[in-house]
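Order of the sequence lines sets the chain letters (A, B, ...), proteins ahead of strands, with each chain counted from 1.
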Protein chains: 2
Amino acid sequence: MPSPAALMQTPVAPKRLRGRPRKTVDERDDGNRRQAVLTGAAGLFRRKGFAATTTRDIAAAAGMQSGSPFYHFKSKSALLYAVMEEGMHAALARQRVALGAASVEDQSPAAQLRKLVQVHFEVLLGPGNDFVPVMLYEWRSLQPGQRKALAALVAEYESLWTPVLLALQTAGQLQAPVGLSRLLILGALNWSVQWFDARKGASVNGLTDAAMALFLKEA
Amino acid sequence: MPSPAALMQTPVAPKRLRGRPRKTVDERDDGNRRQAVLTGAAGLFRRKGFAATTTRDIAAAAGMQSGSPFYHFKSKSALLYAVMEEGMHAALARQRVALGAASVEDQSPAAQLRKLVQVHFEVLLGPGNDFVPVMLYEWRSLQPGQRKALAALVAEYESLWTPVLLALQTAGQLQAPVGLSRLLILGALNWSVQWFDARKGASVNGLTDAAMALFLKEA
DNA sequence: CCTACCGATCGGTAGG
DNA sequence: CCTACCGATCGGTAGG
């Protein structure tokens with residue numbers, strides 16, 4: 001999910017300024033190149049892990065020299081955080097669109113869970129979607145302050161699931177306690193990152209069907 | 001699960017030999033100290049990850065100097081493999097004991113699944129059981145040849161689950177396809193490594209109950 | 001298993 | 001964003 005800035009091609013030459021405009025550390029946004037660093041880092045972090053990825057790897061993936069990623073991000077650690085934050089924002093946005101503007105009462109709880117599960121699989125397994133897997137599997141590589149900031153986004157994401165699971169429990173379609181159900185269900189989905197192979201005939205739709213059949217009792 | 005050798009205290013002085021007996025590279029077994037390296041490495045690999053753990057960290061955890069782990073293991077990578085192999089052997093042994101010498105027909109499929117789930121949780125979450133979590137979360141840190149060797153043990157472990165899930169499907173207690181069910185169920189369990197906190201009142205028994213209630217339909 | 005060490009690599013920076 | 005570089009650290013080893 002490239003940001004709008006990333007969709008622009010090389011920006012036209014600035015009208016009056018000579019050289020590059022030097023923005024403050026907090027609001028650097030060179031669009032294209034910054035996004036290239038971010039996307040390259042996400043792919044490498046996912047495939048090799050954060051600690052095993054060097055900033056030189058990342059630079060090369062973005063077609064830059066070894067010191068250049070530090071023009072866009074003040075440290076390797078800040079880059080990891082940016083990857084995860086982008087992943088969570090994208091996931092939240094996609095779930096909100098999927099659940100629709102309509103209120104929770106418009107669809108059956110089972111249909112709502114199906115949407116949540118399907119979009120979750122897409123966010124995890126879709127082509128180029130490395131951001132959320134990095135967030136899931138590199139949590140321990142974050143610094144404590146970063147962890148705390150991201151935990152708020154994670155809680156927001158989980159809060160989309162709780163009312164749906166609660167409704168299913170009331171309807172008798174979910175037998176386990178809601179809190180543990182959510183942890184177990186999301187675990188089952190998250191683990192798919194380890195084994196899913198789109199080339200092997202598996203599809204997100206088939207996966208979603210299987211998950212629903214596994215977790216839910218008849219209405 | 002310390003090996004028998006690790007349960008011995010400092011060995012008595014050898015009767016006749018002067019200095020330490022120098023074994024060949026392939027069969028070094030100094031008991032105590034080797035196991036200390038292995039256990040320390042497992043804990044560090046689990047907490048910090050393989051790439052973020054230095055061989056100096058491991059040496060310090062075992063109370064050695066920085067170069068000494070290489071007396072017991074020929075490389076950091078070989079140490080990772082040894083941790084995982086020990087984890088898988090212990091897990092397989094525990095499951096076989098739990099399923100008992102009796103044949104598969106002696107208990108209901110649901111009771112057998114319960115055993116598998118409970119022992120799996122214990123292997124993952126029990127105190128000092130860092131070996132299998134390392135195996136689960138550091139798979140990508142292995143070299144291709146190591147991965148292939150371990151895959152055989154993993155397949156053996158999974159083969160304990162398949163007949164049980166098949167029987168449950170036949171009985172109508174499991175609705176999803178057996179292959180996907182196994183992947184989703186093991187994923188749900190494996191993910192508990194990320195959130196389980198024994199201090200917070202959660203227990204392996206409670207977790208097992210919840211998992212069974214979530215996955216199985218009424219008989 | 002310790003001492004002493006090596007070559008390579010790493011995250012990060014100054015200056016342009 | 002590149003050039004050129006630095007100090008620190010890392011996996012691993014020779015020799016005892």
Side-chain angles (χ1 to χ4, degrees), chain A residues 5 10-11 13-14 17-25 28-38 40-41 44-45 48-83 138 141-143 146, chain B residues 5 10-11 13-14 17-25 28-38 40-41 44-45 48-83 138 141-143 146:
Chain A
T10 313
L17 299 169
R18 302 201 174 239
R20 288 183 194 77
R22 208 64 165 232
K23 300 190 179 175
T24 71
V25 175
R28 275 174 187 160
D29 185 355
D30 294 2
N32 230 350
R33 310 317 344 276
R34 184 181 201 275
Q35 194 66 26
V37 175
L38 205 58
L44 287 161
F45 289 163
K48 307 177 42 166
F50 174 73
T53 299
T54 72
T55 57
R56 283 165 173 81
D57 291 336
I58 297 166
M64 298 172 173
Q65 297 304 315
S66 67
S68 300
F70 295 99
Y71 172 73
H72 297 285
F73 299 91
K74 74 172 197 299
S75 68
K76 188 188 174 189
S77 174
L79 186 42
L80 175 66
Y81 180 82
V83 166
E138 292 295 341
S141 301
L142 289 172
Q143 290 154 8
Q146 298 173 318
Chain B
T10 313
L17 300 168
R18 304 208 172 231
R20 288 183 194 76
R22 209 66 163 231
K23 303 192 178 173
T24 71
V25 175
R28 274 175 188 158
D29 185 354
D30 294 1
N32 229 351
R33 310 318 343 278
R34 184 181 202 274
Q35 193 65 24
V37 174
L38 204 58
L44 287 161
F45 289 162
K48 309 177 40 167
F50 174 74
T53 298
T54 71
T55 56
R56 283 163 173 82
D57 291 336
I58 296 166
M64 297 171 173
Q65 297 304 314
S66 67
S68 299
F70 295 98
Y71 172 72
H72 297 284
F73 298 91
K74 75 172 197 299
S75 68
K76 189 187 174 190
S77 175
L79 187 41
L80 175 65
Y81 180 82
V83 166
E138 292 294 342
S141 301
L142 289 172
Q143 291 154 8
Q146 298 173 320

Just how far, in rounded Å, is [atom2] of [N] from [atom1] of [X]?
| X | N | atom1 | atom2 | value |
| --- | --- | --- | --- | --- |
| Lys48(A) | dC10(C) | NZ | P | 8 Å |
| Ile58(B) | dC1(C) | CD1 | P | 15 Å |
| Arg56(A) | dC2(D) | CZ | C1' | 14 Å |
| Leu79(B) | dG11(D) | CG | P | 11 Å |
| Leu80(B) | dG12(D) | CG | P | 12 Å |
| Lys74(A) | dA14(C) | NZ | C1' | 19 Å |
| Phe70(B) | dG15(D) | CZ | C1' | 17 Å |
| Met64(A) | dT3(D) | CE | P | 13 Å |

TODO: Keeping the roles fixed (side chain from Lys76(B), backbone from Phe50(B)), state whether a donor-acceptor pair exists under 3.5 Å.
DONE: yes
- [ ] Using a 4.0 Å heavy-atom cut-off across all strands, classify Ser68(B) as base, sugar-phosphate, or nothing.
- [x] base
Open item on the list: Using a 4.0 Å heavy-atom cut-off, does Thr53(B) contact any base of the nucleic acid, only the sugar-phosphate backbone, or nothing at all?
Closed with: sugar-phosphate
Task: Ser66(B) or Ser66(A), whichever maps to the more 5' nucleotide of DNA chain C - done: Ser66(B)
TODO: For Val37(B) and for Phe50(A), locate the closest nucleotide of DNA chain C by heavy-atom distance; then report the residue assigned to the nucleotide nearer the 5' terminus.
DONE: Val37(B)
Task: Steps toward side-chain contact (heavy atoms from CB on, under 4.5 Å) verdict (Arg34(A), Phe73(A)) - done: CA-CA 8 Å; Arg34(A) 184 181 201 275; Phe73(A) 299 91; 3.5 Å; yes
Let's see if you can work this out: which of [options] has an atom nearest to the side-chain heavy atoms of [X]?
| X | options | value |
| --- | --- | --- |
| Arg33(B) | dC1(C), dC1(D), dG12(D) | dC1(C) |
| Ser75(B) | dC1(C), dG12(D), dG11(C) | dG12(D) |
| Thr55(A) | dG11(C), dG11(D), dC1(D) | dG11(C) |

TODO: Report yes if at least one side-chain N or O of Gln65(B) is closer than 4.0 Å to OP1 or OP2 of dT3(C); otherwise report no.
DONE: yes
Task: Audit row: Val83(B), Glu138(B), side-chain contact (heavy atoms from CB on, under 4.5 Å) steps and yes/no - done: CA-CA 11 Å; Val83(B) 166; Glu138(B) 292 294 342; over 6 Å; no
Open item on the list: What I'd like to find out is whether the side chain of Leu80(A) reaches to under 4.5 Å of the side chain of Gln146(A), using heavy atoms alone.
Closed with: no
TODO: Search all heavy atoms of Ser66(B) against all heavy atoms of Ala59(B) and return the closest pair with its distance.
DONE: CA-CB, 3.9 Å
Task: Atom of Asp57(B), atom of Ala52(B) and distance for their closest heavy-atom approach - done: OD2-O, 4.1 Å
TODO: Would you please enumerate the stems DNA chain C participates in, each stem being three or more consecutive Watson-Crick or G-U wobble pairs with both distances under 3.5 Å?
DONE: C:1-16 with D:1-16
Task: side-chain contact (heavy atoms from CB on, under 4.5 Å) evaluation trace for Ile58(A) with Phe45(A) - done: CA-CA 9 Å; Ile58(A) 297 166; Phe45(A) 289 163; 3.9 Å; yes
